[in-house]
Number of protein chains: 2
Amino acid sequence: MVTIYDIAKKANVSAMTVSRVINNSDKISKQTREKVEAIIKELNYIPNSSARSLISKKTNILSLMITDIANPFFTSVARGAEDKALQMGYQLLLCNSDENIEKESKYIDMLISTGTDGVLIAPASDLSKKNIHKLTKYKIPFVLIDRYISDLKCDQVLSDNETTTRKLIEHLIELGHKRIAIINGPLDIATSRERHQAFCDTLTLHGLEVNKNWIHQSELFRDSDVTDIVSNLLELPAEKRPTAIFATNNFLGLNTVKALKKHKINIPEDIAVVCYDGVPNYTENEPFLTAAEQPSYNFGYLGAQMLIERIENTCPEVPRKIVLPAELYIRESSNYTIKDLKR
Amino acid sequence: MVTIYDIAKKANVSAMTVSRVINNSDKISKQTREKVEAIIKELNYIPNSSARSLISKKTNILSLMITDIANPFFTSVARGAEDKALQMGYQLLLCNSDENIEKESKYIDMLISTGTDGVLIAPASDLSKKNIHKLTKYKIPFVLIDRYISDLKCDQVLSDNETTTRKLIEHLIELGHKRIAIINGPLDIATSRERHQAFCDTLTLHGLEVNKNWIHQSELFRDSDVTDIVSNLLELPAEKRPTAIFATNNFLGLNTVKALKKHKINIPEDIAVVCYDGVPNYTENEPFLTAAEQPSYNFGYLGAQMLIERIENTCPEVPRKIVLPAELYIRESSNYTIKDLKR
DNA sequence: CAACATAGTGTTATCGTTAACATTCTAACT
DNA sequence: AGTTAGAATGTTAACGATAACACTATGTTG
């Protein structure tokens with residue numbers, strides 16, 4: 001390994017002078033600088049980050065803690081974060097928590113040990129607060145993305161859950177739906193709670209029934225038990241059966257559709273489906289699912305930007321909060337007014 | 001920050017003793033060990049990786065260099081790599097090269113500086129050889145995934161391009177197709193070349209025409225110019241127009257379908273489409289595209305495993321090569337024998 | 001009982017870089 | 001000429017952990 005001493009020796013200067021050249025310090029004669037730079041190039045010198053970090057306490061590594069990179073929402077978040085990170089001279093460490101508090105905790109310990117400069121985190125659940133506190137203790141800046149945690153003063157990039165949910169539900173109401181069900185994630189995730197609340201509020205506002213038989217939470221924000229929930233809904237007597245389902249994230253939406261199809265339920269004629277989150281248009285057919293699509297790339301991009309500003313102290317001290325709007329795409333899965341229904 | 005000296009002081013031992021406790025050295029009395037461990041816990045001590053790396057030259061960081069995490073193939077590779085990495089006590093750094101040699105080169109320099117323990121790399125193109133040589137120079141182990149580079153002696157996890165391509169093409173031939181086109185990625189990527197070669201070989205083997213009007217390369221393994229290529233194919237006189245198209249990766253396949261639909265071409269009645277790579281079944285409708293699906297998760301998982309074995313020197317010195325088979329899923333986009341065709 | 005093995009612990013130097021202070025040298029001013 | 005400012009460079013110590021060696025008690029052996 002080539003070190004500054006090798007450079008220094010060959011250039012007949014001290015190591016410190018080499019260090020100054022590397023760090024673009026100004027107090028260097030043009031002559032010396034050029035001599036040193038030539039030798040750096042010649043020997044293919046690359047500075048050792050460990051040694052630098054040891055002194056500077058900076059690693060130029062950001063960490064992205066998400067629940068699962070395979071969720072297309074987070075894939076896109078990761079891409080955004082990575083783009084901003086690279087642009088600002090940082091590298092990005094990837095951590096999948098799988099919505100598991102212990103895994104998250106173990107990861108946080110590793111991150112502290114590695115000495116990450118900051119963490120972009122979509123917490124596994126409310127219980128993540130304990131894990132996040134460890135970051136605070138070690139003075140590692142972090143930015144919450146997608147899921148907020150109450151009583152935590154920090155930078156955040158969140159979705160406008162209230163407005164977006166209301167738009168989705170009002171879209172259904174306009175179509176004439178009166179019995180609307182929700183298939184939600186676990187209520188110890190802020191996102192779920194907010195979407196739940198907005199769902200109930202919107203129904204109430206429009207004088208519609210909020211029936212607890214139509215309110216369901218899946219164990220995870222994944223495919224876990226959607227099939228059962230859908231079966232449950234379908235077992236309700238005809239006049240008590242929902243005519244529309246609101247799924248609160250992409251996986252839940254897709255699995256709801258799958259479950260309904262398995263039961264030979266026609267969408268949207270028998271039951272309409274709307275969904276929070278989009279899914280990438282990998283489908284060759286026209287997109288089908290009515291969805292509120294989030295600017296996921298920007299969750300990562302802006303999150304990373306805020307994080308870096310926090311790390312480099314180029315922003316006001318007060319926590320900042322960015323709320324990103326989602327865009328409603330009305331598609332086939334809901335495109336049927338209730339009066340068209342055959343029932 | 002809590003250091004071993006803080007622990008040592010409080011425990012009335014030397015720093016070295018603390019270090020021994022941390023590293024599970026055996027020559028420590030049970031009594032001392034317990035005392036030190038208690039204080040470590042009490043003070044919430046977490047070892048400083050930079051300091052450790054400086055001595056040990058190990059960072060416990062693996063790097064994953066792929067072209068784009070947003071490509072579902074690589075998303076899944078990343079997930080596999082991360083799982084194995086965590087399991088073995090490593091963290092994973094994410095790098096998107098965007099098939100860009102300069103970006104890749106810049107990244108490699110950063111990785112060398114950070115001192116990554118090893119790199120899992122899907123090279124941007126044949127020109128990546130220069131970048132990879134830098135890794136060799138710094139004695140950083142690496143494993144090639146998905147795309148090989150000629151004359152490079154190293155561990156590899158590759159797809160069985162020859163067999164898989166042949167299976168796809170023979171599937172078309174069995175259906176009665178005689179005029180088959182290929183929409184491929186750039187030929188400076190090994191994967192493209194192999195699929196190209198296998199495509200030609202299979203046609204020849206079956207006595208079918210290999211017409212250069214039916215052979216096309218897109219500028220990138222992406223959506224870049226597929227629309228033009230498809231238009232080109234469609235402009236051929238009826239008797240010279242291909243009845244089937246082989247797209248050599250997921251993005252090319254999807255864009256081929258899109259382009260055909262825009263021209264109101266029926267798939268598979270007018271033109272059948274088959275595709276190398278699967279796409280995640282995010283679609284609520286039945287999957288449509290006939291595809292050879294690769295075990296992408298295992299590209300990452302096995303790749304990381306080989307890499308770690310190489311790093312920890314727990315494997316034979318000779319380069320190892322894993323060739324993973326793809327599985328053929330016959331679906332609607334090709335499910336039409338030629339004699340059914342109306343033409 | 002001397003000689004020596006060994007378990008347990010401490011000391012010192014080192015990894016590669018940089019902060020802080022020290023030194024040298026030139027040029028400018030009184 | 002003597003003083004001084006400041007530009008350019010060097011020296012030393014430190015960051016936190018650990019390798020290599022040194023030391024101190026024990027106990028063990030012939």
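Numbers restart at 1 for each chain; the letters A, B, ... are given by sequence-line order, proteins then strands. Only this structure's heavy atoms are used, side chains among them; waters, hydrogens and symmetry mates stay out. Given the structure is predicted, the values throughout are model-derived calculations rather than measurements.
The two residues A:Ile69 and A:Phe74 come nearest to each other via the heavy atoms CD1-O, 4.2 Å.
Proximity of B:Asn298 to B:Leu324: side-chain heavy atoms (C-beta onward) are separated by under 4.5 Å at one or more points. The shortest side-chain heavy-atom distance between A:Asp68 and A:Glu99 does not fall under the 4.5 Å cut-off. Counting only heavy atoms from C-beta outward, the side chains of B:Val77 and B:Tyr297 never approach each other to under 4.5 Å.
Atoms CZ (B:Arg20) and C1' (D:dA22) sit 11 Å apart, rounded to a whole Å. In this structure, NZ of A:Lys9 is placed 21 Å from P of D:dT9, rounded to the nearest angstrom. Between the P atom of D:dA17 and the CG atom of B:Asn23 lies a distance of 10 Å, rounded to the nearest Å. In this structure, B:Asp6 atom CG and D:dG16 atom P are separated by 8 Å, rounded to whole Å. If you measure from atom NZ of A:Lys30 to atom P of D:dA8, you get 13 Å, rounded to the nearest angstrom. D:dT9 atom P lies 16 Å from atom CD1 of A:Ile4, rounded to whole Å. Protein atom CE of A:Met16 is 11 Å distant from nucleotide atom C1' of D:dT12, rounded to whole Å.
For DNA chain C, the contact window with chain B, defined by any atom under 4.0 Å from a protein heavy atom, covers C:dA7 to C:dG16 in 5' to 3' order.
Side-chain contact check for A:Ser128 and A:Ser125: no donor-acceptor pair (N or O, by modelled atom type) lies under 3.5 Å. Side-chain atoms of A:Thr59 and A:Ser53 include no donor-acceptor pair closer than 3.5 Å. No hydrogens or angles considered: nothing links the side chains of B:Tyr5 and B:Lys10 as a donor-acceptor pair under 3.5 Å. No side-chain donor-acceptor contact under 3.5 Å links A:Glu309 and A:Thr314. With 3.5 Å as the limit, one finds no donor-acceptor pair spanning the side chains of B:Asn44 and A:Tyr138.
Contacts of residues 39-60 of chain B with DNA chain C (heavy atom under 4.0 Å): B:Leu54, B:Ile55, B:Lys57.
Here A:Val13 lies in heavy-atom contact (under 4.0 Å) with sugar-phosphate atoms only. As judged by a 4.0 angstrom heavy-atom cut-off over every strand, A:Ile28 is placed among residues touching the sugar-phosphate backbone only.
Between A:Tyr5 and A:Ser29, the residue anchored closer to the 5' end of DNA chain D is A:Ser29, taking for each the nucleotide with the nearest heavy atom.
Proximity of B:Ser19 to the phosphate of D:dT18: a side-chain N or O atom is located under 4.0 Å from OP1 or OP2.
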